[in-house]
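Some notes on the structure that comes next.
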Protein chains: 2
Amino acid sequence: MKRTTKGEALTSLVLETFRLNGTFLAAGNLLAEPFGLTSARWQVMGPIFEFNEPMTVAQIARRMGLARQGVQRIVNDLKKLEMINFLSNPDHKSAPLITISEAGRKTIIELNKAQAAWVNSLSEGLSENQIKQALKLMETVRKQLE
Amino acid sequence: MKRTTKGEALTSLVLETFRLNGTFLAAGNLLAEPFGLTSARWQVMGPIFEFNEPMTVAQIARRMGLARQGVQRIVNDLKKLEMINFLSNPDHKSAPLITISEAGRKTIIELNKAQAAWVNSLSEGLSENQIKQALKLMETVRKQLE
DNA sequence: AAATAATTGACAACATGTTGTCAATAGTGC
DNA sequence: GCACTATTGACAACATGTTGTCAATTATTT
């Protein structure tokens with residue numbers, strides 16, 4: 001079985017996705033480092049910050065499309081860093097509800113500002129349409145695989 | 001600092017890259033599993049297979065944009081699996097030259113066939129131009145960050 | 001209500017990457 | 001040739017993800 005022209009192009013896109021993932025992770029770590037965070041911790045704090053209802057670890061993991069166990073470890077780290085609070089869950093004795101702490105909220109707001117400056121500058125030479133088209137293609141491909 | 005419209009779109013693309021990376025890794029593991037390989041091992045075998053000259057671990061790592069040490073571990077695994085051979089390096093006593101083994105060559109050829117079938121099918125609903133435009137944007141963004 | 005199934009957090013093992021450090025080796029400049 | 005520098009592989013520690021397993025808890029079925 002030989003690759004079609006489209007197959008060749010999509011193969012390049014797969015490899016480029018791996019590289020870009022690494023590059024974005026590194027950039028995220030640089031952005032988050034002054035706040036004592038990492039890309040992974042930042043990403044876990046995202047849903048906790050944005051979704052106003054308190055949520056369990058399992059809910060966060062489902063929302064992020066990651067395994068429950070990996071998110072649990074990050075959440076435990078964030079608890080130690082006092083970025084989040086555990087509330088007792090009336091619906092589930094052993095599954096605490098998680099909310100962002102005041103310190104966590106402030107941190108995320110500051111990080112969002114730094115990320116906005118970063119991403120605005122990064123987007124300067126690009127056209128909005130190009131970005132949106134690329135995003136759309138990536139989403140289409142991903143959904144096809146899920 | 002607020003995000004521009006382009007900044008918003010590019011932020012979505014960053015998050016989508018993380019998701020797509022996970023999806024592609026999972027797909028690669030599925031493809032490679034029948035051959036006793038993983039996405040990572042497959043990716044390391046790529047340069048060894050394609051680049052005809054024997055190369056050292058450090059060379060492979062540079063070519064892949066990864067840390068020397070991570071590649072070293074995978075290479076050691078591949079040696080145990082007899083997918084690659086170590087040749088003594090006349091230019092560097094303790095840095096063996098690596099070549100693909102016969103078994104490794106056969107495995108990669110079979111994997112390439114399986115990947116071609118996979119990627120051809122995945123690309124069916126997409127336009128060549130769309131894929132190439134997306135790829136181009138991703139490369140532009142990555143190079144800006146390096 | 002009792003049995004069964006599903007969810008959840010905790011823990012372990014592992015895969016894949018990172019950085020830091022070290023000794024061996026190779027290359028460079030004087 | 002000798003001192004300094006850079007590269008390389010090996011090893012350790014760690015970050016981030018995975019899967020598997022377990023007991024506790026919750027939901028469902030009968």
Side-chain angles (χ1 to χ4, degrees), chain A residues 17-30 32-33 36-46 54-81 84 86-98, chain B residues 17-33 36-46 54-81 83-84 86-98:
Chain A
T17 301
F18 291 146
R19 288 190 213 104
L20 193 56
N21 180 73
T23 305
F24 280 155
L25 270 184
N29 281 327
L30 281 183
E33 197 261 327
L37 292 182
T38 62
S39 279
R41 291 173 184 177
W42 182 8
Q43 279 180 261
V44 170
M45 286 180 77
M55 57 206 306
T56 64
V57 166
Q59 282 175 313
I60 298 168
R62 273 194 300 270
R63 184 165 276 249
M64 297 183 68
L66 296 183
R68 209 173 69 251
Q69 293 87 332
V71 173
Q72 180 77 52
R73 195 176 37 69
I74 302 279
V75 160
N76 292 341
D77 294 346
L78 291 173
K79 180 70 168 64
K80 281 206 188 89
L81 292 170
I84 55 178
F86 284 9
L87 309 182
S88 66
N89 184 350
D91 291 338
H92 199 307
K93 245 181 239 181
S94 65
L97 291 169
I98 291 158
Chain B
T17 301
F18 292 146
R19 288 189 214 104
L20 193 56
N21 180 72
T23 305
F24 280 155
L25 270 184
N29 282 328
L30 281 183
L31 274 172
E33 197 262 326
L37 292 181
T38 62
S39 280
R41 290 173 184 176
W42 182 8
Q43 279 180 261
V44 170
M45 286 179 76
M55 56 206 307
T56 64
V57 166
Q59 282 175 313
I60 298 168
R62 274 195 299 271
R63 184 164 277 251
M64 297 183 69
L66 295 183
R68 210 171 70 253
Q69 293 87 332
V71 173
Q72 181 77 53
R73 195 176 37 70
I74 301 280
V75 160
N76 292 341
D77 293 345
L78 291 172
K79 180 71 167 63
K80 281 205 189 90
L81 292 170
M83 289 286 170
I84 55 178
F86 284 9
L87 309 180
S88 66
N89 183 352
D91 291 338
H92 200 307
K93 244 181 241 182
S94 65
L97 291 170
I98 291 158

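The figures that follow rest on heavy atoms only: side chains count, while hydrogens, waters and symmetry mates do not. The chains referred to below are lettered A, B, ... by the order of the sequence lines, with proteins before strands, and numbering in each begins at 1.
- In terms of heavy-atom proximity, A:Pro90 sits nearest to A:Ser88 at CD-O, 3.4 Å.
- The nearest whole Å value for the distance from the CE atom in B:Met55 to the P atom in D:dT8 is 11 Å.
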Report task. Check the pair A:Leu97, A:Phe86 against side-chain contact (heavy atoms from CB on, under 4.5 Å), reporting the backbone distance first and the verdict last. Result -> CA-CA 6 Å; A:Leu97 291 169; A:Phe86 284 9; over 6 Å; no
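- With hydrogens and angles disregarded, no donor-acceptor distance shorter than 3.5 Å links the side chain of A:Thr38 to the backbone of A:Asn29.
- The 5' end of DNA chain D is approached more closely, in terms of each residue's nearest nucleotide, by B:Val57 than by the other of B:Val57 and A:Ser39.
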Taking only N/O atoms, report every protein-nucleotides 23-26 of chain C pair under 3.5 Å with atom names and distance.
residue: C:dT25; atom: O3'; partner: B:Lys93; partner atom: N; Å: 3.4
residue: C:dA26; atom: OP1; partner: B:Lys93; partner atom: N; Å: 2.6

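- A close approach under 4.0 Å does occur between a side-chain nitrogen or oxygen of B:Thr38 and OP1 or OP2 of C:dT16.
- Between A:Leu25 atom CG and A:Leu20 atom CG the span is 10.0 Å, to the nearest 0.5 Å.
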Which atom pairs link the protein and nucleotides 17-20 of chain C when you take only N or O atoms and keep those under 3.5 Å?
residue: C:dG17; atom: N7; partner: B:Arg73; partner atom: NH2; Å: 3.3
residue: C:dT18; atom: OP1; partner: B:Ala67; partner atom: N; Å: 3.4
residue: C:dT18; atom: OP2; partner: B:Ala67; partner atom: N; Å: 2.9
residue: C:dG20; atom: O6; partner: B:Gln69; partner atom: NE2; Å: 2.8

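- Between the CD atom of B:Gln72 and the C1' atom of C:dA15 there is a distance of 17 Å, given to the nearest Å.
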Report, one line per pair, each donor and acceptor closer than 3.5 Å where one atom sits in a side chain of residues 61-79 of chain B; sequence neighbours left out.
residue: B:Gln72; atom: NE2; partner: B:Asn76; partner atom: OD1; Å: 3.2
residue: B:Asn76; atom: ND2; partner: B:Gln72; partner atom: O; Å: 3.4

Requested in this report: Test A:Phe24 against B:Asn21 for side-chain contact (heavy atoms from CB on, under 4.5 Å), laying out the working first.
Outcome: CA-CA 11 Å; A:Phe24 280 155; B:Asn21 180 72; over 6 Å; no
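- When the P atom of C:dT16 is taken as reference, atom CG of A:Leu25 falls 17 Å away, rounded to whole Å.
- In summary, of the residues considered (B:Thr56, B:Ile60, B:Leu87), a side-chain contact (heavy atoms from CB on, under 4.5 Å) with B:Ile98 occurs for B:Ile60 alone.
- Computed from coordinates, the B:Arg62 CZ to D:dG9 C1' distance equals 13 Å when rounded to whole Å.
- Taking atom CG of residue B:Asn76 and atom C1' of nucleotide C:dC14, one finds them 17 Å apart after rounding to whole Å.
- In this structure, OG1 on A:Thr17 lies 12.0 Å from CZ on B:Phe18, to the nearest 0.5 angstrom.
- Atom CG in B:Leu81 sits about 13 Å away from atom C1' in C:dA15, given to the nearest Å.
- Summarising the geometry, the separation between NZ on A:Lys80 and C1' on D:dA15 is reported as 14 Å, rounded to the nearest angstrom.
- Straight-line distance from the CE atom of B:Met45 to the P atom of C:dT16: 13 Å, rounded to whole Å.
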